[in-house]
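Residue numbering restarts at 1 for every chain, and letters A, B, ... go by the order of the sequence lines.
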Amino acid sequence: MAVPKRKMSRASTRMRRAQWKADAPTLVKTIENGKTVYSLPHRAKVVTDSTGTPLYMEYKGRKVADV
Amino acid sequence: MAAPTKGPRLGGGPAHERLLLANLAAALFTHKSIKTTETKAKRLRPVAERLITFAKRGDLHARRRVLAVIQDKNVVHELFTEIAPLVELREGGYTRITKLGFRKGDNASMVQIELVLEPVNPKPKSAKKTAAAASTAPAAKAEEPEAPAEETSTEETSTDEVATDEATTDATATDETATDAASTDAAAAEDAPAEDAK
């Protein structure tokens, strides 16, 4: 089994870890009932009733699936 | 060389992949709408649409070819008797994939794939697009066959007559090329509407 010969320096560890980056998703901005909503494009949305209980998933005005 | 499969591979081997897709198709035909991962849905779509095309044909041979994929006779019967009449007027695009979100366990993109069983209401074709297509297509087809036909005819006639007698070639060759070109034009003009009709 291959074994590291030397201890990895703090600098090289940190240089490697500095490359772990999250990229921001591209969102679309829509205004629903006066509220600005950012959401992923081409994706069904959850429809909720007035108390916030999820009812079903909707895409382009059509019921697609249950939650 | 066979073309590689479009899309990612599924399962542990070719047989496993075939069975996965066949079972997904059977589930889609029984339930009309299933929730699965985006990867599987994208592989399923061509398989399911091909089976629906067989179902629209509706004869015994088509039924046997579908049974070679889906083993369950009940599902195939339902496909041929219930689903096929509903998509009779639809020219392809029998399934619809809607993205739902990401699964909790492995963050896989989940989709709802469903059969499009609503009656077809075709979009009215825009007058500009159809007119443009009608005007450009015959003109292009009429012009294209002329040039190669003329070239070949001149070559054939000139070589033939060079072989026979060299003295009177020029005048006769030009005459014959003219007549040949005219005949090829007529032939091309006759061919063009037939191609349009297809």
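- For B/Lys42, the NZ atom counts as loosely surrounded, since its 6.0 Å shell holds 12 or fewer non-hydrogen atoms of other residues, nucleotides or ligands.
- For the pair B/Glu17 and B/Lys40, the salt-bridge criterion is not met [side-chain N within less than 4.0 Å of a carboxylate O].
- Between A/Arg62 and B/Glu118 no salt bridge is recorded (no basic side-chain N to carboxylate O distance below 4.0 Å).
- Residue-level contacts of residues 86-107 of chain B with chain A, in order of numbering, are B/Arg96, B/Thr98, B/Lys99, B/Leu100, B/Gly101, B/Phe102; threshold 4.5 Å between heavy atoms.
- Judged by a 6.0 Å distance limit and a 45° cone about the ring axis, A/Arg43 is not positioned over the six-membered ring of A/Tyr59.
- Take B/Asp72 and apply the side chain to side chain contact (heavy atoms under 4.5 Å, CB included) test, not counting sequence neighbours, and it matches B/Ile70, B/Asn74, B/Val75.
- Both tests pass for A/Lys63 against the ring of A/Tyr56: distance under 6.0 Å to the centre and angle within 45° of the axis.
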